[in-house]
Amino acid sequence: MNKGKYYMTTAIAYGSGKPHIGNTYEAILADSIARYKRKEGYDVFFQTGTDEHGQKIELKAADAGITPKELVDDVAATIKGLWDLMNVSYDKFIRTTDQEHRQQVQKIFKRFYDQGDIYKSSYQGMYCTPCESFWTASQLAEGKCPDCGREVKPAEEEAYFFRMSKYADRLIEHINNHPEFIQPVSRKNEMMNNFLLPGLQDLCVSRSSFKWGIPVDFDEKHVVYVWLDALSNYITGIGYDVEGSSEQYKKLWPADLHLIGKDIIRFHTIYWPIFLMALGEPLPKQVFGHPWLLQGDGKMSKSKGNVLYADDLVSFFGVDAVRYFVLHEMPFDNDGVISWELMVERINSDLANTLGNLVNRTISMSNKYFDGVVKSTGADEEVDKDLKTVVLSTKEKATEKMDELRVADAMTEIFVLFKRCNKYIDETQPWVLAKDPAKQERLSQVLYNLVESIVIGASLLEAFMPATAEKIAAQLNTSLRSFDELDDFGLYPSGNKVTDKPEILFARLDEKEVLEKAEAMFAQRNEGKEEASEPVIDGEMKPEISYEDFDKLQFRVGKIISCEEVKKSKKLLCSQVQIGSQVKQIVSGIKQHYSAEEMVGKKVMVLVNLKPATLAGVVSEGMLLCAEDEEGNLALLTPEKDMPPGAEIC
């Protein structure tokens, strides 16, 4: 049954380098939603791709001695290869260097200019190169970029600006009238309270200080700002044209779902809707800002050499095991954690034991007792009713979760089915039935019920673990069921024969062995780094100060006795720091680098005579000193030897 169109997108991956597993998670998540929607009967169009312009790419290409186009061609091929490796069933892979996209972005920019939405001025502010974002002084967090926490630099240049305030009230009204538009709700509240309600500033939509971007065709000094360029892919990729859009565009737009990381929710729920309003186009139906996948032993960092990539994990565990883990371990609106130990534990318990062992036991018993022939005899008993109830209710339960984009919960419902099958084996004890000739028909029915239940479970599992689902169906000598067939129990052909050589779906893993192999892999990746000269960072030096000025600053050793997250901020921690006999409350923007729990007990260096300031509504009475590398990773400065709280730093 065709339920109509369903157009969904991921954010397009930035073309500056190979994405780690946290970035790849988004593509896998989107794929599971697309596959499930197709199974439900929707005509799905799933678009993903790469964002390939901006100053960061221009600078990286220059460092590598190649052109920006050569860099993005290589990175785009890498990203596409990873998506293909992970079995991502996209319908279109768009690149922002595609000629069709470039032409339409130029037309969009010109239309905005012609209708008075864009004007030329100059910009003075602080610029974050990694985020491609300008900030005013009041928007900075402790002098750093409020999005990523990295250093910003003063920038002044001629630019075109978009009149955001012209459409702000209309957007606020839309969000209030469409509570489903921004999900989860916490993201909606953040956008309304932090950006829309205080008042939108006009947005810089062109740059004139670098050249790697789509040229503004009526002003050769300017290129289109990367966010206007990148966001437009959602319509240019399906045939939008200012002068008259394609039939495909008319069929697919508005998008049913933009699936993005929570860190870029502002661009997709404020800037993008306003651009669409200016074009006179409908807004997407829903924007879902998914949480992050974090590494259990600390932040993934290329400088640390501990970055996890999808192809690395696949070489250890296989594609579907990686898909299962990242989908199952991610909560709906909180960050998830990945580690080698957790991967091994989940594969052994869920995949090898609950699922793999169930399929293997069922096929093996069918071969042992009936030469592989699975036959329904009608010898039902009361215990069968509960099994069938659980099996036949799984589709509805999983679909309810998927409708809310609670993918991990939907997978849990499917594994409830498999666990119920294992319990059914314990309840019916086929090995006992096999000893009694009078129980042969009952034994046959028990095995039939198991095979039928597994087929239904595998058919639902297909969206999340497609290769595994197909393997299960092949071993049971059948096909995966359509969505409409999952309401009936008993469709497996009676008298069908399962394979006589069952394949182990997932082997149990030895954690120690996996960790040793992982350590060897990282050692090989980092080979030569320790012998190389230590990297240095050449930052701009501040103006000289006198000894008298320096003498005004007081630095002392502090001990953190308690710490908690600042509720109104995604990056601030509030610490109670013992300094001698005093305790000072200090707010620091280090939440992305330290948890509140690991802060407690640390001896740290503190600037103690800083004038109190209020950050996110919390008073801060000093500053913790940190070092920062080029990637924005922070490390607290601690005394080399154990020093008592209050010791002077001189």
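Throughout, numbering of the chain's residues begins at 1 and tracks the sequence.
- A 4.5 Å side-chain heavy-atom check between Asp320 and Pro466 finds at least one atom pair inside the cut-off.
- For the pair Glu329 (side chain) and Gly336 (backbone), a donor-acceptor distance under 3.5 Å is absent.
- Using a 4.5 Å cut-off on side-chain heavy atoms (C-beta onward), Gln47 and Ile238 make contact.
- Residues His53 and Ile57 form no side-chain contact, since every pair of their non-hydrogen atoms from C-beta on lies 4.5 Å or further apart.
- With hydrogens and angles disregarded, no donor-acceptor distance shorter than 3.5 Å links the side chain of Glu281 to the backbone of Leu276.
- Remark: the backbone N or O of Ser16 is paired with a side-chain donor or acceptor of Lys60 at under 3.5 angstrom.
- Relative orientation of the Tyr160 and His222 rings is perpendicular, given thresholds of 30° and 60° on the angle between their planes.
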**Report entry** Full working for side chain to side chain contact (heavy atoms under 4.5 Å, CB included) between Met86 and Val322
**Finding:** CA-CA 9 Å; Met86 298 313 300; Val322 176; 3.9 Å; yes

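- His290 and Arg187 make their closest contact through C-NH2, 4.0 Å (heavy atoms, listed as atom of the first residue, atom of the second, distance).
- A salt bridge links Asp114 with Lys110; the closest basic N to acidic carboxylate O contact falls under 4.0 Å.
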Report task. In sequence, state the C-alpha distance, the side-chain angles, and the governing distance for Arg102 and Asp98, and then conclude on salt bridge (charged side-chain N to carboxylate O under 4.0 Å, His left out). Result -> CA-CA 6 Å; Arg102 289 168 61 88; Asp98 291 343; over 6 Å; no

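- Closest of all the heavy-atom pairs between Pro184 and Phe288 is CD-CE1, 3.8 Å.
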Report task. Determine, step by step, whether His101 and Ile214 satisfy the side chain to side chain contact (heavy atoms under 4.5 Å, CB included) criterion, reporting the C-alpha distance in whole Å, the side-chain angles of both residues, the deciding distance to 0.1 Å, and the verdict. Result -> CA-CA 10 Å; His101 173 78; Ile214 297 176; 4.0 Å; yes

Report task. Let me see the working for Tyr119 and Asp202 under side-chain hydrogen bond (donor to acceptor under 3.5 Å, both in side chains), right down to the final yes or no. Result -> CA-CA 10 Å; Tyr119 63 94; Asp202 289 350; 2.6 Å; yes

Requested in this report: With side chain to side chain contact (heavy atoms under 4.5 Å, CB included) as the test, would you mind laying out the steps for Leu200 and Ile270 before giving the verdict?
Outcome: CA-CA 9 Å; Leu200 285 179; Ile270 297 179; 3.8 Å; yes

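- Under 4.0 Å is where a charged nitrogen must lie from a carboxylate oxygen, and between Lys5 and Asp256 at least one such pair does.
- Other residues, nucleotides and ligands contribute more than 12 heavy atoms inside 6.0 Å of the OH atom of Tyr271.
- Ring geometry, Tyr234 versus His268: the interplanar angle falls from 30° to 60°, so the pair is classed tilted.
- Between Phe275 and Phe162, the angle of the ring planes goes over 60°, which puts this pair in the perpendicular group of the 30/60° scheme.
- With respect to the salt-bridge test (charged N to carboxylate O, under 4.0 angstrom), the residues Lys211 and Glu58 do not qualify.
- Atoms SG and CG, from Cys626 and Leu634 in turn, are 5.5 Å apart once rounded to the nearest 0.5 Å.
- Among all heavy-atom pairs drawn from Lys221 and Glu158, the shortest one is NZ-OE1, 3.4 Å.
- In this structure, Lys153 fails the cation-pi test against Tyr127, since its NZ or CZ atom is not both closer than 6.0 Å to the six-membered ring centre and inside 45 degrees of the ring normal.
- A salt bridge does not link Arg95 to Asp51: none of the charged nitrogens lies less than 4.0 Å from a carboxylate oxygen.
- Classified by interplanar angle (parallel below 30°, tilted 30° to 60°, perpendicular above 60°), the ring pair Phe45/Tyr7 is tilted.
- A salt bridge is absent between Arg38 and Asp43; no separation between the charged side-chain nitrogens and carboxylate oxygens falls under 4.0 Å.
- Of all heavy-atom pairs between Val307 and Asp312, the closest is O-OD2, 4.4 Å.
- Between Phe46 and Val88, the closest side-chain pair of non-hydrogen atoms falls below 4.5 Å.
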Requested in this report: Give the intermediate values and the outcome of salt bridge (charged side-chain N to carboxylate O under 4.0 Å, His left out) for residues Glu243 and Lys107.
Outcome: CA-CA 9 Å; Glu243 298 168 359; Lys107 290 182 182 180; 3.4 Å; yes

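- Two rings, from Trp340 and Phe316, have their centers less than 6.0 Å apart.
- Nearest heavy-atom pair across Tyr14 and Ile79 is O-CD1, 4.1 Å.
- Of the charged side-chain nitrogens involved, at least one lies within less than 4.0 Å of a carboxylate oxygen, so that Glu247 and Lys250 count as a salt-bridged pair.
- Counting heavy atoms from C-beta on, the side chains of Gln115 and Arg111 come closer than 4.5 Å.
- Atom-to-atom distance recorded for Ile274:CD1 and Leu203:CG is 9.0 Å, nearest 0.5 angstrom.
- Thr78 places a side-chain N or O within 3.5 Å of a backbone atom of Asp74 that can act as its donor or acceptor partner.
- A cation-pi contact links Arg406 to Phe332, judged by a cut-off of 6.0 Å to the six-membered ring centre and 45° from its axis.
- By the 4.5 Å heavy-atom criterion applied to side chains, Tyr240 and Ser232 are not counted as neighbours.
- We find the CG-OG distance between Leu252 and Ser245 to be 11.5 Å, quoted to the nearest 0.5 Å.
- Judged by distance alone, with hydrogens and angles left aside, the side-chain atoms of Asp335 form a donor-acceptor pair with the main-chain N or O of Trp292 at under 3.5 Å.
- Between Thr50 and Val75, the closest side-chain pair of non-hydrogen atoms is not below 4.5 Å.
- Proximity of a side-chain donor or acceptor of Trp83 to a complementary backbone N or O of Ala27 within less than 3.5 Å is not detected.
- Atom CG in Leu573 sits 9.0 Å away from atom CD in Glu598 (nearest 0.5 Å).
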Report task. Output, in order, the C-alpha distance, side-chain angles, deciding distance and verdict of side chain to side chain contact (heavy atoms under 4.5 Å, CB included) for Ile118 and Val205. Result -> CA-CA 8 Å; Ile118 285 177; Val205 289; 4.0 Å; yes

Requested in this report: In sequence, state the C-alpha distance, the side-chain angles, and the governing distance for Gln286 and His258, and then conclude on side-chain hydrogen bond (donor to acceptor under 3.5 Å, both in side chains).
Outcome: CA-CA 6 Å; Gln286 188 170 74; His258 287 325; over 6 Å; no

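- A donor-acceptor pair is defined here as one N or O able to donate and one able to accept, closer than 3.5 Å; no such pair exists between the side chain of Gln295 and the backbone of Val337.
- Taking a 6.0 Å sphere around NZ of Lys120, one finds it holds more than 12 heavy atoms contributed by other residues, nucleotides or ligands.
- Under 4.0 Å is where a charged nitrogen must lie from a carboxylate oxygen, and between Asp117 and Arg163 no such pair does.
- Checked against the 6.0 Å centroid criterion, the rings of Phe109 and Phe112 do not qualify as a close aromatic pair.
- Between the CG atom of Leu259 and the CG atom of Leu29 there is a distance of 4.5 Å, given to the nearest 0.5 Å.
- Judged by a 6.0 Å distance limit and a 45° cone about the ring axis, Lys18 is positioned over the six-membered ring of Tyr309.
- A salt bridge links Asp31 and Arg323; the closest N-O separation between the charged side-chain nitrogens and carboxylate oxygens is under 4.0 Å.
- The CG atom of Asp73 lies 7.5 Å from the OG1 atom of Thr67; values are rounded to the nearest 0.5 Å.
- Annotation: side chain of Phe181 is not in contact with side chain of Lys285 (no heavy-atom distance under 4.5 Å).
- Within a 6.0 Å sphere centred on CD of Glu341, other residues, nucleotides and ligands contribute more than 12 heavy atoms.
- The shortest non-hydrogen separation linking Tyr594 to Ala635 is OH-CA, 3.4 Å.
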